[in-house]
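One structure is given here, and the rest of the page talks about it.
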Amino acid sequence: MPLVRPAEPVDLPAISALDARLTGEAKAAYWQSMLERYAGGPPDRHFLVAESERGALAGFIVGEVRAWEFGQPAAGWVFAIQVDPRLRLKGTGSALFETLVGRFKAQGVTRVRTLVDRRDNLILSFFRAQGMVAGPSLQLDMELA
Ligand SMILES: CC(C)(COP(=O)(O)OP(=O)(O)OC[C@H]1O[C@@H](n2cnc3c(N)ncnc32)[C@H](O)[C@@H]1OP(=O)(O)O)[C@@H](O)C(=O)NCCC(=O)NCCS
């Protein structure tokens with residue numbers, strides 16, 4: 001099992017580089033802002049990283065407990081999860097998810113939620129393997145001209 005720990009400001013270059021490799025888009029300012037808001041901040045916000053055996057960044061996960069948005073009682077929301085492609089299928093994603101869920105439970109919430117692209121079979125398979133199924137909400141969408 002990889003070491004999972006809270007993210008720190010020093011993790012920014014590795015997080016930003018992993019995301020840029022996976023998405024093809026560099027967004028250092030976005031990840032800096034996410035770290036400022038979610039790492040070491042209020043106890044309902046979580047930004048966790050997994051370390052490889054060599055101490056390099058293996059992956060990260062970001063989540064938050066949110067209550068009464070869309071009329072829903074408190075739930076833990078997973079906003080982002082990414083694992084280095086060279087280190088996948090070794091339990092890193094699961095370790096990140098389980099650690100985050102453990103923190104949500106410690107805060108007293110009994111549900112975890114996320115939003116996925118329904119065409120993304122990889123992320124759907126991953127969350128299904130964690131025990132997640134389709135939830136009660138339906139996302140609505142409209143382009144603003
Ligand atoms: C999804 C992701 C986080 C999984 O990380 P990982 O470290 O490989 O996950 P795990 O090794 O813990 O896999 C757990 C389970 O998920 C499922 N799974 C993971 N990768 C899979 C794949 N490529 N195909 C099918 N199922 C898969 C399997 O059931 C797996 O269990 P198993 O190995 O016993 O079969 C990683 O593939 C990733 O970073 N993907 C791209 C990022 C992304 O699209 N993020 C979404 C936007 S936030």
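Every number for a ligand or one of its atoms is a count from 1 in the order of the listing.
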Answer side chain, backbone, both or neither: which part of Ile123 comes under 4.0 Å from ligand 1, heavy atoms only. side chain
Close side-chain approach of Arg88 to Pro85, heavy-atom, < 4.5 Å: yes
Whether Ser16 side chain and Trp31 backbone form a donor-acceptor pair below 3.5 Å: no
Under 4.0 Å from atom 48 (S) of ligand 1, is there at least one protein heavy atom? yes
Counting only heavy atoms, which portion of Ser94 has something under 4.0 Å from ligand 1: side chain, backbone, both, or neither? both
Whether Phe47 and Phe60 hold their rings parallel, tilted or perpendicular, with breakpoints at 30° and 60°: tilted
Using modelled atom types and a 3.5 Å cut-off, is there a donor and acceptor pairing between side-chain atoms of Thr99 and backbone atoms of Ala95? yes
Would a single hydrophobic cluster contain both Met34 and Leu22, if residues Ile, Leu, Val, Met, Phe, Trp and Tyr are joined by side-chain heavy-atom contacts under 4.5 Å? yes
If hydrogens are left out, which of Pro2, Gly93, Ala58 has an atom nearest to atom 7 (O) of ligand 1, that is, the closest non-hydrogen atom? Gly93
Exercise check, heavy-atom protein proximity under 4.0 Å to atom 32 (P) of ligand 1: no
What protein heavy atom lies closest to atom 27 (C) of ligand 1? Include the residue and the distance to one decimal. Ser125 CB, 4.1 Å
For Gln82, the ligand 1 atoms with a heavy-atom partner under 4.0 Å come out as 39 (O)
Note the single closest protein heavy atom to atom 4 (C) of ligand 1, along with its residue, its atom name and the distance in Å. Phe126 CD1, 3.6 Å
In Å and rounded to the nearest 0.5 Å, what is the CD to CG distance from Glu98 to Leu48? 12.5 Å
Run Asp44 and Gln107 through side chain to side chain donor-acceptor pair (under 3.5 Å) and show every step you take. CA-CA 8 Å; Asp44 53 351; Gln107 288 177 253; 5.5 Å; no
From the list Tyr38, Trp77, Phe104, ring pair (Phe, Tyr, Trp, His ring centres under 6.0 Å) partner of His46 resolves to Phe104
Any N/O pair Leu122/ligand 1 closer than 3.5 Å: no
Using a distance threshold of 4.0 Å (strictly less than), state whether atom 45 (N) of ligand 1 has a protein heavy-atom neighbour. yes
Could you identify the single nearest non-hydrogen protein atom to atom 41 (C) of ligand 1 and state the distance to 0.1 Å? Arg88 NH2, 3.4 Å
Could you tell me whether Gly91 and ligand 1 have an N or O pair separated by under 3.5 Å? yes
Give yes or no for whether the N/O distance cutoff of 3.5 Å, strictly under, is met between Val83 and ligand 1. yes
Is there a polar contact between ligand 1 and Leu89, counting only N or O atoms under 3.5 Å apart? yes
Short list, please: which atoms of ligand 1 are under 4.0 Å from a heavy atom of Lys90? 11 (O)
Ile81 and ligand 1 - part of the residue with a heavy-atom distance under 4.0 Å: both
Does Glu8 offer a backbone N or O that forms a donor-acceptor pair with the side chain of Asp11 under 3.5 Å? yes
Is atom 35 (O) of ligand 1 near the protein, in the sense that some protein heavy atom lies at less than 4.0 Å from it? no
Compute whether any side-chain donor of one residue and acceptor of the other, for Gln72 and Arg111, lie under 3.5 angstrom apart. no
Looking only at protein heavy atoms, which one is nearest to atom 28 (C) of ligand 1, and what is the separation? Ala129 CB, 4.2 Å
Val49 and its side-chain contact (heavy atoms from CB on, under 4.5 Å) partner, picked from Ile61, Leu18, Leu57: Leu57
